[in-house]
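Step one of this worksheet: look at the structure below.
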Amino acid sequence: MNNSLQIRTFEEYQEKYKRSIEHPELFWGEIAETFKWQRKWDKVLEWNFSEPKVEWFIGGKLNITENALDRHLATRGNKTALIWEPNDPKDDTVRLTYRELYEKVCQFSNALKKQGVVKGDRVCIYLPMVPELMIAVLACARIGAVHSVIFAGFSAVSIADRVNDAEAKVIITSDGLNRGAKQVPLKRIVDEALELCTSIEHVIVYNCLNWPTEMKEGRDLWWNDIIADESTECQAEMMDAEDMLFILYTSGSTGKPKGVVHTCGGYMVYTAYSFQNVFQYEENDIYWCTADIGWVTGHSYIVYGPLITGATTVMFEGIPTYPDAGRFWQIIDKYGVNQFLTAPTAIRSLMAFGEEHVMSYDLHSLKVLGSVGEPINEEAWNWYYVHVGKERCAIVDTFWQTETGGVMLSGLGNLSPMKPTFAGYPLPGIHPCLLDQEGKEIEESDTEGYLCFKAPWPSILRTTYGDHERCRLTYFAYYDGYYFTGDGARRDADGMYRLIGRVDDVINVSGHRFGTAEIENAINTNSKVIESAVVGYPHPIKGQSIYAYIILDDATSDSQLARAEIIETVASEIGKIAIPEKIQFVSGLPKTRSGKIMRRILRKIAEGDVSNLGDTSTLLDPLVVEEIVKNAL
Ligand code: WTA
């Protein structure tokens, strides 16, 4: 571990913070010095938010896996890098030391090269939470291939969209996966997806379940076959600091998900720096993040941040409620986990099962409890603090995004003051502000505004793959000179930030982001649907849930059947995770005279708050609102 990175007191944080804002280049240059570079950078930073163009550590050469693996071998070769906990608690744990992980990564790197993968090629990864997922990610990084991990809950159509957008050459999958009591046939889903793709040359299949699997001659290869003769040494590709490291698709308010692009140097520096400080990781600690590597949290805080820091990182294949609602706490007890990061939706769902599941286990090892992905409500915060943390652990509510690459606002372990439901202060190098409707900075405290950032940090997204203009329009064009998060926030008198939810058309369901337009497009592919409008509404466990208002072409048709079909459509267009919880068939939608759907009204109805729908008289058809209210679910 890189002790020089660690902030030890709140006063030190304040000093560092001041310096980072006044002298960002000096500040980040010193931090970057502590990493392994093949060539030092010429200049720390160049940027403008108008194109936008952001470059960190310009001219620097490195390979992120040399930082995550090679440089630990001398001092931590025998330290456990990865502890893998299987879905079924009766199955065996896998532990890999840094040396073993290094060898497996090198071996798979060689196998990828043998299949013709070269620097710059895109490789999609659609795997369960097994060690091979981490190995595949790191192997891509080692040979300079750009990984694009697709969460193994997405449908064939979603896979095809991502493969096609990235023009991926290889996709890595498994025969199937275990998730709780369920199994999912991943390879079959990939086969279906590839009927819509032309760029894929090879499918590499890892055998997880021993299922009979159809292998297409010449295209499909078994993971174990292609690594069999490969060496466990592989020279790391020399990467420019600004070469692409990965693409990760995420939803926004418009159109299809976009490929957020992160690059090697800045992402490396920031994920390691933020990991060490937010979690206050010490050399022998065991750290566990329950996210899936299919999301950014898994990229930054299961794989890269912890490994670059030389930490022991736990990876869990299963779900919090299998075989029972004590599983998380049992795993913490089993491995003596010191830092634990999970999502509010998981906390809320476990809360509902009662405290006895927590009481059955010894949780004294815990020091820091993290929350990520959505606002944490006060009740869940308190439950986490009292029943899991026994009122002695720090809670760090980490606010960030796929686009930010790492944590932006959060406490640092037990150093920072804690306030339930507040993410807190910005990390060093992060310059937040609140803007009003006109885009003016709000100086006063105790106010709400649009959360923006004024200056770049090393792991800010660089572009959206294949469409830079979309990146500019989505994040940099709303307010000139600022990165706009899409979130609203409140700042209190002490300067602490509290997130209050998205202000755009993004719905956050159990910490997963969906655009309303994305779900509407999916619903509209059903031939029975004329038009649809989707909104989010508060849900006690998921945070938000999806409410769809749908006009059918034949109002007399069997609505039960239509509902089932629409659910099927969404599952096959996006994935089961995007299925609307409520579907209401309507004869019309509230529209302005110019044809714009008044989502504000639909949102209120979905929330069950119809007392003040505002002036509906200017709508094209005011009666439609009455009908919708009358039949609301
Ligand atoms: C929300 C996940 C409140 C927010 C790392 C953001 C949060 C979106 C928090 C990004 C938090 C994430 N408190 N809201 N601690 N963390 N969010 O890209 O709306 O999957 O814009 O990244 O999740 O989701 P994403």
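In what follows, residues are counted from 1 in the order of the sequence shown. We count ligands from 1, going down the list as the structure has it; atoms in each ligand are counted the same way. Note that this is a predicted model, so its numbers are computed, not measured.
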Quiz prompt | Every residue of the protein that comes under 4.0 Å of ligand 1, judged on heavy atoms | solution = V296, T297, V372, G373, E374, P375, D397, T398, F399, W400, Q401, T402, D487, L499, R502, N508, R513
Quiz item: Quick one: which of F275, Y301, F340, Y281 gives a ring pair (Phe, Tyr, Trp, His ring centres under 6.0 Å) with Y287?
Solution: F275
Quiz item: When you check the gap from the basic side-chain N to the acidic O, do E444 and R491 get nearer than 4.0 Å?
Solution: no
Quiz prompt | Single hit among V535, D505, I574, V509 for side chain to side chain contact (heavy atoms under 4.5 Å, CB included) with I519 | solution = I574
Exercise. Could you list the residues that satisfy salt bridge (Lys or Arg N to Asp or Glu O under 4.0 Å) with R162, not counting sequence neighbours?
Key: none
Quiz prompt | Check: Y482 ring centre within less than 6.0 Å of F453 ring centre | solution = no
Practice problem: Indicate yes or no: does E520 engage R599 in a salt bridge with an N to O separation below 4.0 Å. | Solution: yes
